[in-house]
Structures are given as structure tokens and as C-alpha cells.
Protein chains: 2
Amino acid sequence: MSALSDVARIAQVSKATASRALSGNGYVSAETRDRVVAAAAAIGYVVSSNAASLVTGRTRNVGVVIPHINRWYFGDVLEGIESALIAAGYDLTLYRLSADAAERRRVFEYFLVRKRVDAVIAVGIELTSHEVGLLGSLAKPIVGVGGAIDGIATFSIDDVAAAALVTEHLISLGHTRIMHFGGDQGNEMDFRVHSQRLAGFTQAMDAAGLPCGDDTFRATELSMPGGYELALAVLADPRARPSAVVAGSDEVAIGTIVAARQLGIHVPAQLSVVGIDGHELAPMFGLTTLAQDPGGQGTAAVERVMAELDDEGRAWERTWSPYPVRLEVRSSTTAPGV
Amino acid sequence: MSALSDVARIAQVSKATASRALSGNGYVSAETRDRVVAAAAAIGYVVSSNAASLVTGRTRNVGVVIPHINRWYFGDVLEGIESALIAAGYDLTLYRLSADAAERRRVFEYFLVRKRVDAVIAVGIELTSHEVGLLGSLAKPIVGVGGAIDGIATFSIDDVAAAALVTEHLISLGHTRIMHFGGDQGNEMDFRVHSQRLAGFTQAMDAAGLPCGDDTFRATELSMPGGYELALAVLADPRARPSAVVAGSDEVAIGTIVAARQLGIHVPAQLSVVGIDGHELAPMFGLTTLAQDPGGQGTAAVERVMAELDDEGRAWERTWSPYPVRLEVRSSTTAPGV
DNA sequence: CCCCCTTCTGGAACCGGTTCCATGCGAGGG
DNA sequence: CCCTCGCATGGAACCGGTTCCAGAAGGGGG
């Protein structure tokens, strides 16, 4: 367990000079620096980040709170955040927030508060104002990804516009009997995305004068099995079957396509399906979707965090600007059959 | 920024007593403890983990190195590790190792060494003996998940036996023209799993006296698109088509099924497909697979780490014991058609 | 020639806890 | 009655760095 004092002794300098030589702060002659660096290398010295953060107050560590790891969108965001942080020389401490309220409180009031993280990135989570205040009172930057949060800089797509856009795509193809397979509105974790995509669907349908109500919306878990089960149930009845489905996510869309094929319903001849997300599997299933870039949003969040950390004095505006999307038309959508 | 000395002053005790009262170590009268706890709560005091770890040498933080976040197996392991660590009051610092050798060195020689983590869990990564030695010289427990590593306690299934078992399942159904769609043997990250599953396949084929060579094995990335692309190419030629496929993972198996359906090949009547993993989507695609429990392996790894941390003196044997699996037969396998 | 400024270095305080050691006190045993 | 032991508490050292401050040396300008 070599310490800085060991390095200093070997290099025959003081702790102060050794510290300056290794950290690069302050005046050190080139010759002395070389001697210190050589001594450090000789005994395999590595700074204790605990000691360093104790005095500087900086940990070079960012906390990430995220509800799922194993869903495509979240995993992709996480990957983007991770690579950006490592590149910046920062650690990433991961907290998965389950629906368990007690655990969630523990994460915020214990784990995130112990001066262990310099900032927090919240992915796909609706933070309460209490939680925001808690972190804010510690002067820690908070940045959100996926789902705007009041008083916080957030990176996400415009979910209302996204859902409206894919719905309009179907309408422009001539569809009139369109259903939305969306997220469960009762889910307290990330209901904003669910309800906003539903709102976008409703908005586009209303604007086109198409029927839109209880029988054009069905809720499910936003996952492939969720979409699959729902589609099996809904599509089984040929008379109630819509000519097109707007899925709340690509996972739901793919589940719907698989279910349709299994029921002998041809996609897109008998059923058009659009998704939202740009899932990596979308090309494989020929899914028309509105692609977003989760990894890029993660990277952008990290950049923003770094900027806030580098310029603490500045009053950062906590706004939300929609992240760009692009419609990728594939073989799952066409004009309705006769 | 309230410090322990503030708490001590308000509660009218010394720092030493305040520390004992809050940490629970050493003698403190019940009355004093209450007073200290009340004082701490009043000013919203939270220990600085940096200061604490500086003197104790314990960070209550475990580093996890993992090659992918967004693949089912890895995400599931990570979820299992995360919940177990949080439950034990530990933080999880995440390092995704890419193929970039320089970045990998940086993670091991800089990030993991700074006395920031108490232990390391390596998921699906072949550690070099140099890396093991590096961590070992710091007396940090290292535990592996998925893929045995020399000199390290590892939790994983027996990949040779697993591949042999699913191959035997196909053989027992009467298949003789069986191919293996496995992992690329040139991939340096996790080649052990790839080569072991190939070895299990070869072993079962040889034991049954079935042909097994270059034309019964095809390599691809172990992902759905990888399996899909490969299957599209291989299955297109009706004469070269096998009657059954042993996929290197469920993702590859599902990609194969999707490709087969698209080519108009009926599964299982014209093509049986088995996978390995027990992917969450296996039921949806009716995939016969050998299910393992990645989350459980992650949890087991954490338990082992905690045990080693609690009993440092003991000489822990670094062995590998195979994790249990179970064959789940679904509708993707049947006897070969005529 | 003197003064000031820049560069370089060492001493010492400090970050915020934990823990060793000494001390005081009341109770129980011989 | 005295000695010992367990509990309770405070003082002070210490973990391993960073940084402020002071001082010394050398160079340039007035």
C-alpha cells in the first residue's frame, strides 16, 4: 500500500511537491517531475481517490438512476452514458430503481447523498420535487434522459409529436381503423412517456376526424411479450380487427407482428404496424418506426453534466429541447387492403 | 455541509462518541445514542463515505466489469448483481469493457486500483493472469460469472454439457443432419463460451457417430440479427439445408426461426431449432431451450463476494461449480419430417 | 545596485471521519 | 473494605492526499 509519502521519500522531495508533480497543478521543474513520476512508477503508486475527494470535494463519479437495465432503450442509454463517462475519466455508479418506494427512498436519501457522486443522471424516471430538492440542496447537477422533469435539464424526444407523426403516416396511407397498443397508464414509474404517446395518437386521430376512444386504445406492458399477448387477444376477432396498429414502442410492435404472423394475418397486407424507438431489431422484422438515438441522448446528458461541473458558477437554465427523430419506413406498413 | 463535529457539538458529546453512536461500534449509552441520532437528524447529517473509507479501507462499493449491457444474458446478470448489492448496502460501479485494449488497460490499472472498490465481479470476460494478479496483489476478492477463469471463483453453467445436452435432444428425436450456428471463434472477448458450446456440440455428434466438421458449423455474432442473417444465407439452399439447428444462444435461435418463417420454412416440421439460455422471449417464439438463470448467477456472485469480504482471513478456494440448467421443450423441435 | 516578479520547493493545516488509549465510575466478588 | 472488571466517554493520532503560505533563488527592469 504505497502512499504519496513513500513516493516523496524515494524521489527526495516533499509530499507537497510530489502531489504537484503527479496531479499537474502548480509549479514543478521538469527534472523534479520526472524523478517523482519515476518513483511512483517504481513502487506502483496510485492515488487514493478517497483521500483526494475528501479534500477536493470532487469524486469524479456520477450516479445513474434507471428503472430497467434489460430493456433496449434503457440499455442503450446506459451504454451511451458509460462510454462518455469513462472517456471523461469518470466512474459510473448504477442504481436501478424498482417500484419499491422504500428502496427508492433509500437510494436517494442514503446512497446518493453521501458525497459519493458529483452529479446524477436520471433515465426514464419521473423525479419528485422532493427528490429534486434533495439533490439540488447539495448543489449537485441533475440531468434527465427520456421524459422531461420540471426544473431539470432533460434530453428526450418529443413523445407527443413522435406518436402523432407515426399515426399520421398511417392516416396518409389511407388507414381509418387504427388502434394504439400503448403503455399502462397506471404505471407510476414512467407514465409520462406512455401518456404522451397516447396523447400524440389521439391528437393525430382527432385532427383527421377519425374515431378515437376506449375501443381504439389497449394498454400493455411495453415489452415484446406484452405486445405479443395483447395482439393475440385483440387480433383474434377478425371483425374487431383494425387495419393498422400504432405501437407504444418497437418492442410492442414486434410482439404484434409476431402474433399476427402466428394468427395467419399478413403484415402489411392485412395489418400495418408502426413502432416508435428505432429498436435494433426493427430492420429484421421490417418494422416501420420512428427512430431515436438513445445512446446519443446518454452521451448528451454526460456532456451537459461535465459542462455544469466545469462551470459551477454559471446559472444553468433547466430546459428541455426535443431530440431529433427520423421516420424509417420499412415493409410493415402499406395502404389498407380491400 | 454538516460534519460529524457539528453533530457532536449539538449533542454535547465528543466526536468519538458521536461516531460510535452513529456507526454502532463500541459502547454508547442508550440515552446518549438517542441524543446523537436526534442531533444528526436535525441537521440532516450523512456520513462522508470518503472520510470513512479513508480510515477503514472499506468503500462498500463493488466494481463490475462486463462486455455488453444490452444483451439479454448480460443485462440479466447485471440486474441480479445490482439488486443483491443494494440489498447488502453496497454500491455498484459499472465498467463496460469494449474490445479496445487501451481502454481495458485503463480500467484495470487506473480505475479499479484506486482503492475505490472492495471487490470486482467479472461477467463474461476472460481475465488475463496479469489482470488477476493485479487485483490479487491488492487483496481484492474477484469473482467471475459466465465463463470459468483460472484461479478465480466462478459461477456459470457447464457450457460444454449444455451444448451436448441440446444436441442430444435433437439426436434423440431422430435428427441426423444437424448444424451448429455458434459464436465467432475469433472474438477475443468471450471466446471460451463460444468454443465450449461448439465443443459440446461436436462431442455429442461424435458420440452419436454423426458427421461433424466444417460444413456443420457456421459462425456469427451471438445476437438476433446475427442469427437472422446467417440463417437467411444458409437456409436459402434447400439441398444444403439441415433438418435441425443447434444455436449458440437463444438470440441466434430466434433469429433463425424468424429467418426460417420468412423463407417459408416451417418450424418445426421442416426445421427444428434449439437454443441455449432460457431467453425471456423463448416462450413467445415457442423455442426449445436449455434454460439457465443469469440473475441467480449474479446474486450468487455477490453472496460469494460478501462472504469473502466478511472473512478475509480464510483461504478461499477458487473453484468453479456448474450452475444448474433445465431443458425446456417447446414447439420448435420435433422429429424430422420425411 | 536594488527591487520586484516568476519559478520552485517545503512546512503545515486541513478534509471528516474511525479507533486506540486513558480515564472515570459504579457494581460485584473475595 | 478493596480490588477488579465492564461500561461510558473524551483526547488525540491517524488515514492519504491537496493546498495555502512562506521563503529562496534567479532574472529583468529602472
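Lettering follows sequence order; numbering is per chain, from 1.
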ask   = Looking at A:Y110, is A:R114 sitting on its ring face, NZ or CZ under 6.0 Å from the six-membered ring centre and within 45 degrees of the normal?
value = yes

Starting from [atom2] on [N], measure out to [atom1] on [X] and report it in whole angstrom.
X	N	atom1	atom2	answer
A:Q12	C:dG10	CD	P	10 Å
A:Y27	D:dG26	OH	P	18 Å
B:D34	D:dA8	CG	C1'	15 Å
A:E31	C:dT9	CD	C1'	13 Å

ask   = Can you find a side chain N or O atom of B:T32 that sits less than 4.0 Å from OP1 or OP2 on D:dT9?
value = yes

With the side chain counted from C-beta on, respond yes when [X] and [Y] share a heavy-atom pair under 4.5 Å apart, and no when they do not.
X	Y	value
B:H68	B:R96	no
A:L309	A:Y90	yes
B:V36	B:R33	no

ask   = B:S53 near the nucleic acid: base, sugar-phosphate alone, or nothing, with a heavy-atom cut-off under 4.0 Å?
value = nothing

Please write out each protein N/O paired with an N/O of nucleotides 12-19 of chain D under 3.5 Å, distance rounded to 0.1 Å.
unit_1	atom_1	unit_2	atom_2	d
D:dG17	OP1	A:Y45	OH	3.3
D:dG17	OP2	A:L4	N	2.5
D:dG17	O5'	A:Y45	OH	2.6
D:dG17	N7	A:K15	NZ	2.7
D:dG17	O6	A:K15	NZ	3.1
D:dT18	OP2	A:S19	OG	2.4

request  = Using side chain to side chain contact (heavy atoms under 4.5 Å, CB included) as the criterion, point out the one residue from A:T93, A:D118, A:L85, A:L92 that pairs with A:N61.
outcome  = A:T93

Ring geometry between A:F111 and A:Y95 (parallel below 30°, tilted from 30 to 60°, perpendicular above 60°) = tilted

